[in-house]
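Because the structure is predicted, anything quoted here is derived from the model rather than measured. Hydrogens, waters and symmetry mates are skipped; everything else that's a heavy atom, side chains included, is used.
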Amino acid sequence: MLASGNSSSQPVSFILLGIPGLENYQFWIAFPFCAMYLIAIVGNVIVLHIIRTDHTLHEPMYLFLAMLAITDLALSSSTQPKMLAILWFHAHEIEYHACLIQVFFIHAFSSVESGLLMAMALDRYVAICFPLHHSTFLTPAVVGKLGAAVMMRGLLWVSPFCIMVSRMPFCNNHVIPQSYCEHMAVLKLVCADTRVNRAYGLFVAFSVVGFDIIVISISYVMILRTVLGLPSDEARFKAFGTCASHICVILAFYIPALFTFLTHRFGHHVPRVVHIMFANFYLLVPPMLNPIIYGVRTKQIRDRVIQGCCGKVPKPRVTASQPTSPPH
């Protein structure tokens, strides 16, 4: 889009429409969105509290899970309060700098979440393929450095988005036809050549998500080879069980994320309401599902939740072949 006379260097605010095409139902749609947001907040806070207070859970997988819970809290809270205000109270206006901050938080913490899923896949690879060296390779110091590297990657890769957009002129149309400020949606309002911005967006997407997906895929290929080589069906079943929750979390994050990314750039024939609903689910469903999936699949967390609700820990069923460490 080329610059024209109908442009302003910096708008005062933008207008978020919410869910165009479902205006008559937005009030009611907000209720399940609010429920999912509350589940995400409560679930991730519980997971954080359990991991923080139980020193036996200060192991790599649980430390990564705590980082994931913090990321989910930041990711969902950066959009959902404003989204609910739009759907319930018609508070469509968002201040210019607040919109850019929302762009930054969404993309930075999405990058962090992707990196954490990659780190968790590496943890599963080491735990299953090199069980005797797991505690040697993944010390708390190494886990902290991996978390810091993932965080720095998100901050450094995403910061140019906001810097470049903030220096560009905007057209007089300040309407964003969705529920939150996203990089491509804001970029469509710019009255200037945006090829550099779009190219950088593709670079970040492929260098972050592409790299993470490749590492995750290689990790699970190696895990599959090791598991299939185990001597008994019971051992293979237990090994698969250690990875089941992580695979569910990966699918819940990447499927709506990739759909949203590809639709923004190539899905011109996808109905707008479908695109917007998937964009909302992308920021709602993973933060809601992650604590539920790990709470159900991880015995230590499940037992402590039951203890907090019922005042007692369920008695474990001990068998001769029961593994010493439960599935994560």
Side-chain angles (χ1 to χ4, degrees), residues 35-77 109 112-128 131 134-135 138-140 142-144 146-147 150 216 219-220 223 227 237-254 284-319 321-328:
M36 288 189 283
Y37 178 52
L38 291 176
I39 293 171
I41 295 294
V42 173
N44 284 293
V45 168
I46 289 174
V47 168
L48 277 174
H49 175 72
I50 291 172
I51 294 173
R52 184 182 67 84
T53 56
D54 190 338
H55 294 284
T56 64
L57 299 183
H58 292 182
E59 300 175 0
M61 187 63 181
Y62 298 107
L63 295 177
F64 285 131
L65 182 56
M67 297 178 194
L68 187 66
I70 294 172
T71 303
D72 284 336
L73 288 171
L75 190 60
S76 58
S77 296
F109 282 101
V112 171
E113 179 141 355
S114 179
L116 288 174
L117 293 177
M118 176 194 67
M120 293 168 81
L122 290 174
D123 173 74
R124 292 298 84 213
Y125 165 68
V126 176
I128 292 175
H134 182 241
S135 60
L138 286 172
T139 63
V142 171
V143 172
L146 279 173
V150 166
I216 290 171
S219 298
Y220 274 98
I223 288 172
V227 169
F237 177 78
K238 289 177 180 177
F240 278 124
T242 64
C243 302
S245 56
H246 189 227
I247 293 174
C248 292
V249 168
I250 289 171
L251 295 176
F253 176 75
Y254 282 115
L284 265 175
V285 174
M288 177 192 70
L289 286 183
N290 290 351
I292 295 175
I293 292 173
Y294 282 109
V296 171
R297 293 289 306 172
T298 308
K299 184 179 183 300
Q300 289 97 324
I301 294 178
R302 184 174 66 246
D303 286 350
R304 278 148 187 81
V305 171
I306 295 173
Q307 182 183 19
C309 295
C310 306
K312 60 181 180 179
V313 180
K315 296 180 180 180
R317 293 178 297 175
V318 180
T319 62
S321 61
Q322 186 173 355
T324 57
S325 60
H328 296 292

Note to self: Minimum heavy-atom separation for E113 and L75, please, with both atom names.
What the structure shows: OE1-CD2, 3.9 Å

Checklist line | Counterpart residues, side-chain hydrogen bond (donor to acceptor under 3.5 Å, both in side chains), relative to S77 (two or more places apart) | finding: Y37

Check: Near H49 NE2, under 6.0 Å, is it more than 12 heavy atoms from other residues, nucleotides or ligands?
Finding: no

Next item on the list: Measure the spacing between CD1 of I51 and CG of D54 and express it to the nearest 0.5 Å.
Entry: 9.5 Å

Next item on the list: Taking D123 for its side chain and A119 for its backbone only, find out whether a donor-acceptor pair lies under 3.5 Å.
Entry: no

Notebook entry, point to check: So, do P291 and I46 sit near enough that their side-chain heavy atoms are less than 4.5 Å apart?
Noted result: no

Item checked: Between CG on residue N290 and CG on residue L117, distance to nearest 0.5 Å -> 7.0 Å

Note to self: Using side-chain heavy atoms (C-beta onward) and a distance below 4.5 Å, is L289 in contact with V249?
What the structure shows: no

Check: Do you know the tightest heavy-atom contact between C248 and I293?
Finding: CB-CD1, 3.8 Å

Next item on the list: Measure the CG-CG distance between L65 and L48 for me, rounded to the nearest 0.5 Å.
Entry: 8.0 Å

Next item on the list: Can you sort out the partners of A40 under side-chain contact (heavy atoms from CB on, under 4.5 Å), two or more places apart, ordered by chain and number?
Entry: N44, P287, M288

Margin query: In the structure I gave you, are the side-chain heavy atoms of I50 and Y62 within less than 4.5 Å of one another anywhere?
Written below: no

Margin query: Let me confirm one number: the CD1-CD1 distance from I39 to I292, rounded to the nearest 0.5 Å.
Written below: 5.5 Å

Checklist line | From E59 atom CD to Q300 atom CD, the distance as rounded to the nearest 0.5 Å | finding: 7.0 Å

Note to self: Tell me the closest heavy-atom pair linking L57 and R304, and the distance in Å.
What the structure shows: CD1-CD, 4.4 Å

Check: Within a strict 4.5 Å, meaning less than it, do heavy atoms of the L122 and L138 side chains meet?
Finding: no

Item checked: Residue pair I128 / V227: nearest heavy atoms and the distance that separates them -> CG2-CG2, 4.2 Å

Item checked: Spatial distance of atom NE2 (H134) from atom OH (Y125) [nearest 0.5 Å] -> 12.5 Å

